[in-house]
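Proteins come first, then strands; the chains are lettered A, B, ... in the order of their sequence lines, and each starts at number 1.
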Amino acid sequence: MKYDFKSADRKWQDRWEQAQLFRAREDSSLPKFYALVEFPYPSGAGMHVGHIKAYSGLEVIARKRRMQGFNVLFPIGFDAFGLPTENYAIKTGIHPRKVTDDNIARFTSQLKRVGFSFDWSRVVDTTEEDYYKWTQWIFRKMFDAGLVFRAKTLVNYCPSCKVVLSNEDSQGGKCDICHSDIVQKSKDVWYLRITEYADKLLEGLEEVDYLPNVRLQQENWIGRSEGAFVNFPIHGTEESLRIYTTRCDTMFGATFMVIAPEHPILEKYRSRITNIAALDAYKEECAKKTEFERTQLVKDKTGVRIEGLEAVNPASGRLIPIYISDYVMMGYGTGAIMAVPAHDERDYDFACKFGIEIIEVIKGGDIGKEAYTGDGEMINSGFLDGISTKKEAIAAMLRYLTEKGIGEKGVQYKMKDWAFNRQRYWGEPIPIVHCPRCGMVGVPYEELPLRLPVVENFAPGEGGESPLAKIDSFVNCSCPKCGGAAKRETDTMPQWAGSSWYFLRYTDPHNDRAFASEEALRYWLPVDWYNGGMEHVTRHMIYSRFWHRFLYDIGEVPVKEPYAKRTAQGLILGPDGEKMSKSKGNVVDPNDVVDEYGADVLRIYTLFMGDYASAAPWNENSVKGCKRFIDRTAALTELVRGRGVTPQLETSFHKTIKKVSLDIEAMKFNTAIACLMSLINEIYDCGSLTRDELEIFIRLLSPFAPHLCEEIWESLGNRGFASVAAWPEWEESKTVDASVEYAVQILGKLRGTITVPADADRDAVLAAAKASERIAPQLEGKQLIKEIFVPGKLVNFVVK
RNA sequence: GCCGGUGUGUCGGAAUUGGCAGACGAGACAGACUCAAAAUCUGUUAUCCGCAAGGGUGUGUGGGUUCGAGUCCCACCACCGGCACCA
């Protein structure tokens with residue numbers, strides 16, 4: 001059969017659509033499988049082949065599950081709010097709504113050309129009113145639950161562009177767009193109290209099946225640590241400086257303190273401090289740096305001693321100096337630390353630079369050279385002296401702190417509360433009204449969605465305000481509570497909002513009375529398998545797990561954890577080995593590949609190019625290899641002779657069914673395809689196969705290359721679709737060859753091989769090995785010390 | 001600086017998790033078909049010595065454990081990704 005991929009691609013995509021073959025069925029008596037891929041941001045650049053790889057993994061699994069009889073939900077949608085669209089709109093004057101619609105149309109056509117088995121009847125678009133209505137609804141619920149608050153914080157601000165910038169866009173202290181200097185500006189920020197869910201998010205990891213490194217990354221992001229809060233009295237005042245430490249055992253060695261430059265104590269004791277000008281100058285320097293940069297200056301510690309204030313080490317009773325330095329952050333712990341230079345590397349660097357005393361309190365290192373962070377016997381530590389483990393010393397110190405009332409055990413998280421507002425137009429309006437009498441009032445549920453006003457000018461407002469602030473008709477409103485004049489919140493939500501719950505909407509996407517019905521949620525949740533990029537495993541996944549867990553707590557969803565299993569795919573790099581980007585000009589457009597080689601080749605190559613989880617460069621020549629495989633498969637139709645089993649191929653078929661089945665489950669698509677290629681080579685060597693065998697081959701290949709497989713399936717006279725034909729099964733007993741080849745080693749070196757019946761036992765194999773032509777002479781005259789026998793693999797003779 | 005990952009032929013990558021390194025694909029070389037090219041098909045292809053049989057060396061580097069190491073342990077080097085100096 002000569003295979004014309006152009007007509008076959010179109011023909012089968014049309015037929016699948018007519019038959020609505022991939023629609024998830026509303027039949028809760030069937031076993032379900034919910035496969036989720038991260039929905040794309042529909043950028044103006046269109047899709048690149050990396051998107052295809054990201055979807056083709058679960059595509060294969062979803063198709064296999066359908067063939068295994070599952071009711072499969074495999075949806076797709078668009079995460080379409082966001083800055084690039086807004087910036088493009090500002091630049092071109094085209095409204096973001098139009099930009100978004102055009103981009104979605106383009107993405108949709110690209111996806112359809114690849115023949116993905118998405119359920120197109122369930123597409124969601126986060127920018128549509130009947131979607132973001134529910135995003136706002138969930139936010140309102142959080143507001144009611146007290147999980148929303150406002151606080152002042154420092155943000156990166158570009159005075160020239162008049163916008164607040166992310167760390168990413170303000171690297172080196174320069175604005176990414178206009179290259180002017182960034183300043184740190186104090187601003188009111190909306191927060192979601194995600195830290196309240198830190199423990200729940202950690203515990204939830206116990207009941208899910210994530211890749212180990214995904215789980216580890218989430219644990220590190222949440223970053224729970226146990227330690228102690230301790231109050232260090234400020235000498236000559238009634239007040240204390242409160243610190244957090246995980247190493248309270250080293251407290252006798254605390255020879256100074258460091259506070260963040262923004263610490264409020266500076267303002268409070270302004271009059272007592274004699275070098276306030278120097279401190280202010282340092283603080284101003286710090287304000288120019290982003291938080292990220294403050295963490296970069298590692299080697300050369302900077303700081304200024306506060307003259308006129310001293311603290312008392314509550315363990316040793318000694319007076320110790322206080323410094324300000326930017327290596328201490330206001331955002332973690334209490335913004336103040338006790339510094340123990342002998343046993344902390346950063347404190348050690350700082351002490352060396354400023355000539356501060358270093359007191360060893362744990363034996364075992366050489367503190368003349370470097371900080372010692374290991375375990376050892378306590379010294380110079382009063383009542384702790386002689387204790388030999390960290391654990392005991394911490395326990396003893398905690399008892400002491402509690403008894404004396406100067407401190408207590410405490411838990412801290414690395415994770416910060418979630419800054420939830422953006423000063424942008426193209427996002428979900430935050431449904432809050434500011435009333436001069438009632439304060440912050442939520443927009444009533446029945447008034448949702450709070451629509452994003454359609455305006456011509458969506459450029460940023462003055463002083464980093466949202467563009468919405470310029471629209472009087474939007475801003476001015478009446479208070480839902482008291483009816484008096486009030487103003488709307490004009491900031492919008494971050495892009496993370498819409499993507500935090502989209503998987504819930506897929507279960508019931510057209511529901512206008514709830515974000516999804518209870519029945520749909522109960523049947524489809526949790527997501528059985530979620531695949532996406534490593535870059536999303538912390539922020540996006542933790543945010544969405546937080547939202548989901550909140551919805552569980554208020555009884556809106558039936559399961560605690562949204563994602564039962566999470567895997568991640570690796571990047572596709574450009575042909576030059578660099579990350580694909582428009583500016584490097586190394587982007588491969590899936591349409592070009594489909595035009596030249598067909599959808600099946602694109603699908604197979606993205607999965608065959610390497611380990612699914614690793615990055616690999618695009619290689620046009622290897623694409624051709626996949627094309628050959630497709631053509632060789634089509635040509636198999638000419639080798640069909642009769643029905644039944646070809647004895648010469650029987651074992652290979654059973655082995656292949658087994659390997660392909662198991663490899664798909666392990667996302668080892670490259671070896672699954674390699675195995676099918678090997679089988680085809682064997683079939684060609686053999687010269688013929690039966691129709692039954694070809695049908696097995698087609699069903700195994702169908703998830704990878706569905707268009708070709710439908711075409712062959714039809715040409716064999718089958719009715720119905722190969723895409724939903726039964727998945728082949730293997731018989732374990734038939735995956736075993738009649739005879740086995742053993743490697744024979746002498747002293748671990750390969751000296752020959754022997755072939756024995758598969759059921760030969762240890763003695764028989766050893767005897768055969770000793771007697772074999774190659775081995776016998778080499779054993780002659782040697783003393784046999786040991787015989788190693790590995791069933792089915794090898795024998796090894798240890799001789800002297 | 002911290003955290004995570006990777007390192008295997010000319011290239012992408014396999015290796016049942018401690019058991020014959022290099023499956024499969026690409027590339028290259030040779031041959032068949034062709035007026036010719038493409039496509040297709042058939043061989044060869046880690047490396048060194050050897051006419052051959054055969055032997056030596058080989059998974060970033062240096063050590064170690066083991067009958068046996070790409071795989072485990074220690075130290076180091078290089079590259080990639082993430083980061084919030086997390087006290």
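Closest approach of A:M338 to A:M251, counting heavy atoms only: SD-CG, 3.5 Å. A:P617 and A:Y605 make their closest contact through O-OH, 3.8 Å (heavy atoms, listed as atom of the first residue, atom of the second, distance).
Sequence order on RNA chain B of the closest nucleotides to A:L747 and A:K414 puts A:L747 first from the 5' end.
In B:U17 the O4'-C1'-N dihedral to the base is within 90° of 0, which defines a syn nucleotide. By the rule that a glycosidic angle within 90° of 0 means syn, B:G9 counts as syn.
A:T538 and A:Q217 share no donor-acceptor pair across their side chains, judged by distance under 3.5 Å alone. Between the side chains of A:Y244 and A:S225, a donor-acceptor pair is found at a separation under 3.5 Å. Side-chain contact check for A:T755 and A:S739: no donor-acceptor pair (N or O, by modelled atom type) lies under 3.5 Å.
For A:D349 and B:A87, the CG to P distance is 16 Å, given to the nearest whole Å. For A:R215 and B:G5, the CZ to C1' distance is 19 Å, given to the nearest whole Å. Rounding to whole angstrom units, OH of residue A:Y327 and P of B:A87 are separated by 13 Å. Following rounding to the nearest Å, A:K2 (NZ) and B:U40 (C1') show an atom-to-atom distance of 11 Å. Here the C1' atom of nucleotide B:C83 and the CZ atom of A:R539 are 10 Å apart, to the nearest Å. Look at CD1 on A:I680: it is 10 Å from P on B:C41, rounded to the nearest Å. Remark: P of B:U40 and CD of A:E638 are 15 Å apart, rounded to the nearest angstrom. Rounded to a whole Å, the CD atom of A:Q217 is 14 Å from the P atom of B:C3.
The base of B:C20 sits with one of its N or O atoms less than 3.5 Å from a complementary donor or acceptor on the side chain of A:E741. Taking 3.5 Å as the limit, the base of B:U16 and the side chain of A:K668 contain no donor-acceptor pair of atoms between them.
A gap of 15 Å separates the C1' atoms of B:U71 and B:G64, to the nearest Å. Using atom C1' as the reference point in both B:G55 and B:G18, the two lie 26 Å apart (nearest Å). Using atom P as the reference point in both B:U61 and B:A52, the two lie 29 Å apart (nearest Å). Nucleotides B:G19 and B:C72, compared at atom C1', are 14 Å apart to the nearest Å. Between the P atoms of B:G22 and B:G9, the separation comes to 14 Å (whole Å). Nucleotides B:G7 and B:U59, compared at atom C1', are 9 Å apart to the nearest Å. Rounded to a whole angstrom, the distance from the P atom of B:G13 to that of B:A23 is 15 Å. Taking the P atoms as reference points, B:U6 lies 23 Å from B:U10, given to the whole Å.
Close placement of the A:Y543 and A:W418 rings is indicated, their centers lying within 6.0 Å of each other.
Residue-level contact check: A:A615 touches the backbone only, with heavy atoms under 4.0 Å from sugar-phosphate atoms and none from bases. In this structure, A:D611 reaches the sugar-phosphate backbone alone: every heavy-atom distance under 4.0 Å involves primed, P, OP1 or OP2 atoms, never a base. Residue A:Q745 is classed as a base contact, given a heavy-atom separation below 4.0 Å to a base. Residue A:M534 is out of contact with every strand shown, counting any heavy-atom pair closer than 4.0 Å. A:I785 comes within contact range of no nucleotide atom at all, as no heavy-atom separation falls under 4.0 Å. Contact annotation for A:N796: base contact, defined as any heavy-atom pair under 4.0 Å involving a base atom.
The listed nucleotides are B:A87, B:G19, B:A84; the one nearest the side chain of A:V790 is B:G19. The nucleotide whose nearest atom lies closest to any side-chain atom of A:T671 is, among B:A15, B:A87, B:C20, B:A15. Closest to the A:K793 side chain, of the nucleotides B:U16, B:A87, B:G4, is B:U16. For A:M329, counting side-chain heavy atoms from C-beta on, the closest listed nucleotide (B:A14, B:C86, B:C20) is B:C86. The side chain of A:D344 sits closest to B:A87 out of B:A23, B:A87, B:G19.
Between A:N670 and the phosphate of B:A14, there is a side-chain N or O to OP1/OP2 separation shorter than 4.0 Å. For B:A87, one of the phosphate oxygens OP1 or OP2 lies less than 4.0 angstrom from a side-chain nitrogen or oxygen of A:S225.
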Close N or O pairs between protein and nucleotides 25-27 of chain B (under 3.5 Å):
from	atom 1	to	atom 2	distance (Å)
B:G25	OP1	A:N681	ND2	3.2
B:A26	OP1	A:R628	NH1	2.5

Distances under 3.5 Å only, N/O to N/O: pair up the protein atoms with those of nucleotides 51-59 of chain B.
from	atom 1	to	atom 2	distance (Å)
B:G56	OP1	A:R751	NH2	3.4
B:G56	OP2	A:R751	NH1	3.3

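Remark: A:R632 qualifies as a cation-pi partner of A:Y684 under the 6.0 Å distance and 45° angle criteria applied to the six-membered ring. Remark: A:K53 qualifies as a cation-pi partner of A:Y612 under the 6.0 Å distance and 45° angle criteria applied to the six-membered ring.
Within 6.0 Å of atom NZ in A:K390, 12 or fewer heavy atoms from other residues, nucleotides or ligands are found, so the atom counts as exposed in its surroundings. No more than 12 heavy atoms of other residues, nucleotides or ligands lie within 6.0 Å of CZ in A:R539, so this atom counts as exposed by the packing criterion.
Residues satisfying the salt bridge (Lys or Arg N to Asp or Glu O under 4.0 Å) test with A:K409, not counting sequence neighbours, are none. By the ring pair (Phe, Tyr, Trp, His ring centres under 6.0 Å) test, A:F256 pairs with A:Y323, A:F350, sequence neighbours left out. Take A:R247 and apply the side-chain hydrogen bond (donor to acceptor under 3.5 Å, both in side chains) test, not counting sequence neighbours, and it matches A:D249.
Just one residue in the list A:L747, A:I785, A:L766 forms a side-chain contact (heavy atoms from CB on, under 4.5 Å) with A:F797, and that residue is A:L766.
Remark: side-chain polar atoms of A:E219 are not paired, donor with acceptor, to backbone N or O of A:L202 under 3.5 angstrom.
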Checklist entry - Using Watson-Crick and G-U wobble pairs with both distances under 3.5 Å, what is the 5'-to-3' dot-bracket string of RNA chain B, with [ ] for crossing pairs and | for pairs outside the strand? => result (((((((..(((......[....)))((((((.......))))))((((....))))..(((((..]....))))))))))))....
